[in-house]
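Note on naming: letters A, B, ... go to the chains in the order of the sequence lines (proteins, then strands), and numbering restarts at 1 for each one. Values below: all heavy atoms of this structure, side chains included; hydrogens, waters and symmetry mates excluded.
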Amino acid sequence: MKLDSKVPEGPIAEKWTRHKFNIKLVNPANKRKYDIIVVGTGLGGASAAASLAELGYNVKNFCYQDSPRRAHSIAAQGGINAAKNYPNDGDSIFRLFYDTVKGGDYRSREANVYRLAEVSNDIIDQCVAQGVPFAREYGGKLDNRSFGGAQVSRTFYARGQTGQQLLLGAYSALSRQIATGKVELFDRTEMLDLVLIDGEAKGIITRDLITGKIESHAAHAVVLATGGYGNVFFLSTNAMGSNGTAAWRAHKKGAFFANPCFTQIHPTCIPVSGDHQSKLTLMSESLRNDGRIWVPKEGKPGLTALEATKIPEEERDYYLERKYPSFGNLVPRDVASRNAKMVCDEGRGVGATGKAVFLDFADAIKRLGKDVISQRYGNLFDMYQQIQGDNPYEVPMMIYPAVHYTMGGLWVDYNLMTSIPGLYALGECNFSDHGANRLGASALMQGLADGYFVIPYTIGDYLAGKLNEKVSTDHEAFREAEKEVKERIDKLLNINGNKTVDDFHKELGHVMWEYVGMSRTEEGLKIAKAKIKEIRDEFWKNVKVVGTNDELNMSLEKANRVADFLELGELMVDDAQNRKESCGGHFREESQTPEGEALRIDDQYSYVSAWQYNGEGKEETLNKEPLMFENVKLTQRSYK
Amino acid sequence: MNMNLKLNIWRQKNANDKGKFVTYEVSDVSPDMSFLEMIDVLNEDLTRKGEDPVHFDHDCREGICGACSMVINGRAHGPKRGITTCQLHMRSFKEGDSITIEPWRADAFPVVKDLVVDRSAFDRIIQAGGYVSVGTGGTPDANAIPIPKKTADIAMDAAQCIGCGACVATCKNASAMLFTSAKISQLAVLPQGQTERYNRVEKMIMQMEEEGFGGCTNTGACEVECPKEISIEHIARAHREFIAAKACSHNV
Ligand SMILES: Cc1cc2nc3c(=O)[nH]c(=O)nc-3n(C[C@H](O)[C@H](O)[C@H](O)COP(=O)(O)OP(=O)(O)OC[C@H]3O[C@@H](n4cnc5c(N)ncnc54)[C@H](O)[C@@H]3O)c2cc1C
Ligand code: FES
């Protein structure tokens, strides 16, 4: 099938302006005649729901948490990028655009990324107007910092809680619209299916998580902003409830899934401590500004942080500084992560599990003093000590990479519409702007760009043609979808097997991490595919979900989500198998430079993989959207 | 050293059930586990036995979403200051300990099941006025209004609230004043919040009362248990704002 990205004509800097002029508008008086469903209350969802309601649309907004304010966006720490150029250090919309395309290893769509950079400045203005307390300098102006190895200072932040403050800003705008009655909020409500009428998205099926009631909701358009699917790996930095269900069910109804194998593994997380581990905690990337990463030159199994302080300098291998003299400890996330894995695979990992490397502040403390380090990282050091029990002022931290973000997601065109008419995807849920690797502080920017400044314009283009269309849950399609959802729940509750949902989730996670994690091979991917099938088959025969549907039943919620992960995981394998090049976070061992760096194969793989569902148990069809680079020159990344 | 512990956990099937404490033994608890991971282990055991696992709210498990909410041995979020339940580690307990675990208890936070309560009253307090009425778009350049660093810092101190409700659970009056005042205070000190300043404080406090939270009698207990260590100075500021609002009779 030919994918139409609907990228407008014209020079890149004029595309968005022209497009806004050319697309259809809905007359202000008519907006109240349209109902829109927004699933998700994170940065993408809350900003979209509030902005659409302000325009006059009737919005129904859903989240699975007990309050919209708890969406996973709340956990983002580091900051949000914008091309304001306040520090006068040479930033511009074009530079932010360029860096993002390059950082994504040339696997994103130029026009979308340019628009993202273009609206980035409006986001900061918007958030400040809402009262978001960004960090400021003594003169009262906004403070910026450089983040994730960027050459300019373009990151705005609110202490270590930027995501929290941005989300609370969007939540406040949303709350205002709830108070006016323009948004109807459904918290503790999970979307379990998408409803299509004549091939267009016209509603969703939900489960009330307190009563178990299965309900239908109809609308003229459906917007998904349901976050990423990093929890396929069981262990990740995502919130426990983060899931792929909404996107996956939409996929099964016809929405193409793009680049599912593009996963970001963050290099600085607190390592796994045992089988009881339920999630992984991110330690901000900023630590790499002053911390030095090392392992012993010769493997010393079980080496503790305290013992490490006694290891003489000449027996240490500061491997990033050694291999990448110009970037050192500040190489991009994917490079840092892969190198940590390599040294651990060589048997030089540290700590009880051998799956950790040191991040050492001894030199920085000597050079700058404990006070300076404490001012910079005090919170993070406290957090580390709380979790790990070691004091990072005295002994090195131990870190290890962990799954953090999924660049892949539902395929969308320039209007953020999926391949199903009337269904949109925003935020981490879509694939659109980060290519094969996301830059630090760019996810928050994208979520808010999509919700505040893109969807309010582009949704009108679709809706304008639907005036006077009646939407109602009376349609047969809703009954059918409800029936399917109920049958699936009954099935899960009645298997009554021997293994818990978490048992299966952990098994899946192990396979994904082992074979579809930081590096991937043809052979490993084959093994993964077979294993995932086995786990999935066993799941449907042997899972144990206690309780009933008609109550708060968290095992049932989890079972529903894990069942979807078991299918999505396999598609990730297919995608990784198809893409025989390495790019960004996707490292195929078969495709590397002589120095062991990721090697892209541009003449064969400069495309977006958009997978099309063909029915239960069938292989999916791969559709390709070719990527054209007219404004950015493709180069091999080098951090030597 | 791994530990054996006795847990007394509040079990309540639903809002209409009377509820009771049930005792469970857990063994081989590693000091590296988080408190919630310890309950995960218990829940896996219960599930294998076909019993209903203990329900509790949680999501981020890193102290920022505000979902987790347990009273542990009589203290909201357990024995340590400045952290949430999910940040508490089993290192803080010892072999043979007996641990009592209850939900937040307040009329305005009815129990939904086991340790899960309904905190939607907090959302409604924000809906009553916890925002600056600015629509999307058409806002001035972010640097157009300089804000002294000190002011921005005070606003940020207040804005850090995670809305967990530990303040309510701790207060003998079940007052929501620390939560409510944190938002009032954030917006009262910032220039963006001035236009609606008095209207906001009146509406939010009225909503707080309507939700059935108790009045604040300045015991300061909330500040002690707040995982984000939000200061009761914000309560004092909210009181001043409220009096000023009444004085200039911005009607609600
Ligand atoms: C620890 C951590 C730190 C990070 N730090 C940064 C940073 O410093 N800078 C940066 O730019 N990015 C950062 N990121 C990434 C960024 O936070 C996320 O990508 C972004 O917030 C995602 O926003 P979202 O709106 O797409 O989704 P989310 O915030 O994940 O929201 C998803 C919403 O969908 C709802 N939902 C999901 N499924 C369903 C369903 N089936 N039914 C109903 N509702 C559903 C949820 O309830 C929630 O409201 C970080 C991520 C993590 C994990
Ligand atoms: S689970 Fe998010 S604060 Fe505890």
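- In this structure, chain A has heavy atoms under 4.5 Å from both the backbone and the side chain of B/Asp157.
- Chain A forms the most heavy-atom pairs under 4.5 Å with one residue out of B/Lys150, B/Arg119, B/Arg124, and that residue is B/Arg119.
- Side-chain atoms of A/Gln164 and B/Ile162, non-hydrogen and from C-beta on, do get closer than 4.5 Å to each other.
- With chain B as partner, the option from A/Asp187, A/Asp125, A/Thr237, A/Thr500 having the largest number of non-hydrogen pairs under 4.5 angstrom is A/Asp125.
- Contacts with chain A were tallied for B/Asp40, B/Leu46, B/Asp153; B/Asp153 has the most, counting heavy-atom pairs under 4.5 Å.
- The closest side-chain heavy-atom distance from B/Cys60 to A/His72 is not below 4.5 Å.
- The contact between B/Ser133 and chain A is made by backbone and side chain atoms together, counting heavy-atom distances below 4.5 Å.
- Using a 4.5 Å cut-off between heavy atoms, A/Gln177 does not touch chain B at all.
- Looking at A/Leu552, the atoms closer than 4.5 Å to chain B (heavy atoms on both sides) sit in the backbone and in the side chain alike.
- The backbone N or O of B/Cys65 lies less than 3.5 Å from a partner atom in the side chain of A/Arg70, making a donor-acceptor pair.
- For the residue pair A/Glu551 and B/Asn14, no side-chain donor N or O sits within less than 3.5 Å of a side-chain acceptor on the partner.
- B/Lys149 places no side-chain N or O within donor-acceptor distance of the main-chain N or O of A/Gly140, the cut-off being under 3.5 Å.
- Nearest heavy-atom pair, A/Gln386 versus B/Ile83, reported as atom, atom and distance to 0.1 Å: NE2-CD1, 3.7 Å.
- Using a distance-only test at 3.5 Å, with no hydrogens or angles considered, no donor-acceptor pair links the side chain of A/His276 to the main chain of B/Met38.
- Heavy-atom pairs under 4.5 Å with chain B were tallied for A/Asp66, A/Ile124, A/Leu167; the largest tally goes to A/Asp66.
- Scanning both residues, A/Met554 and B/Asp57, for their nearest heavy atoms gives CE-OD1, 4.2 Å.
- Nearest heavy atom pair, residue A/Arg188 against residue B/Val116, reads NH2-CG1, 3.4 Å.
- Under a 3.5 Å cut-off, the side chain of B/Gln192 and the backbone N or O of A/Val128 do form a donor-acceptor pair.
- Ranked by heavy-atom pairs under 4.5 Å with chain A, the list B/Ala67, B/Ala128, B/Gly82, B/Ala155 is led by B/Ala67.
- Two residues are said to be in side-chain contact when any heavy atoms from C-beta on lie closer than 4.5 Å; A/Ser278 and B/Leu36 fail this criterion.
- For the options B/Lys183, B/Met33, B/Arg91, heavy-atom pairs under 4.5 Å to chain A are most numerous at B/Arg91.
- Heavy atoms of other residues, nucleotides or ligands lying less than 6.0 angstrom from NZ of A/Lys141 number more than 12.
- Rounding to the nearest 0.5 angstrom, the gap separating the OH atom in B/Tyr131 from the CG atom in A/Leu168 is 15.5 Å.
- Taking the side chain as every heavy atom from C-beta outward, A/Arg176 and B/Gln127 never approach each other to under 4.5 Å.
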Go through B/Ile64 and A/Gln77 one step at a time and tell me if the side chain to side chain contact (heavy atoms under 4.5 Å, CB included) criterion holds. CA-CA 10 Å; B/Ile64 193 72; A/Gln77 304 169 348; over 6 Å; no
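- In this structure, chain A has a heavy atom under 4.5 Å from the side chain of B/Val112, while its backbone stays farther away.
- Considering only heavy atoms from C-beta on, B/Asp141 comes within 4.5 Å of A/Tyr86 through its side chain.
- When heavy atoms are compared at a cutoff of 4.5 Å, A/Gln126 approaches chain B by way of both its backbone and its side chain.
- Considering all non-hydrogen atoms of both residues, A/Gln130 and B/Val132 come closest at O-CG2, 3.5 Å.
- Across A/Lys279 and B/Glu37, no two heavy atoms sit closer than the pair N-OE2, 4.1 Å.
- With B/Gln186 contributing its side chain and A/Gly131 its backbone, the two residues share a donor-acceptor pair below 3.5 Å.
- Separation of atoms CD (B/Glu44) and CG (A/Asp502) is listed at 4.5 Å; rounding is to 0.5 Å.
- Most heavy-atom pairs under 4.5 Å with chain A, from the set B/Asn143, B/Leu190, B/Val41: that is B/Asn143.
- When the shell of 6.0 Å around OH of B/Tyr24 is examined, it contains more than 12 heavy atoms from other residues, nucleotides or ligands.
- Proximity to chain A (any heavy atom under 4.5 Å) is restricted, for B/Val117, to the backbone atoms N, CA, C and O.
- The shortest heavy-atom contact between B/Arg48 and A/Asp503 is NH1-OD2, 2.7 Å.
- Between the side chain of B/Asp59 and the backbone N or O of A/Ala239, no donor-acceptor pair lies under 3.5 Å.
- Heavy atoms of other residues, nucleotides or ligands lying less than 6.0 angstrom from CD of B/Glu233 number 12 at most.
- Proximity to chain B (any heavy atom under 4.5 Å) is restricted, for A/Leu280, to the backbone atoms N, CA, C and O.
- Side-chain contact between A/Pro68 and B/Asp123: present, with at least one pair of heavy atoms (C-beta onward) separated by less than 4.5 Å.
- Counting heavy-atom pairs closer than 4.5 Å to chain B, the top residue among A/Val546, A/Asn496, A/Val501, A/Asp122 is A/Val546.
- Residue contact with chain B, scored on non-hydrogen atoms closer than 4.5 Å, involves the backbone and the side chain of A/Ile387 alike.
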Between B/Thr136 and A/Phe453, does a side chain to side chain contact (heavy atoms under 4.5 Å, CB included) hold up when you go through it step by step? CA-CA 8 Å; B/Thr136 302; A/Phe453 296 112; 3.8 Å; yes
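- In terms of heavy-atom pairs under 4.5 Å with chain B, the best-connected choice from A/Ala129, A/Ser555, A/Gly241 is A/Ala129.
- Contacts between B/Thr47 and chain A at a heavy-atom distance below 4.5 Å involve backbone atoms as well as side-chain atoms.
- For A/Phe156, no part lies near chain B; criterion is any non-hydrogen pair under 4.5 Å.
- B/Gln160 and A/Gln161 share a donor-acceptor pair across their side chains, judged by distance under 3.5 Å alone.
- Counting only distance, with no hydrogens or angles, the side chain of B/Asp52 and the backbone of A/Gly547 share no donor-acceptor pair below 3.5 Å.
- Between the side chains of B/Glu62 and A/Thr281, no donor N or O sits under 3.5 Å from an acceptor N or O.
- Considering only heavy-atom pairs separated by less than 4.5 Å from chain A, the leading option among B/Gly50, B/Pro148, B/Pro191 is B/Gly50.
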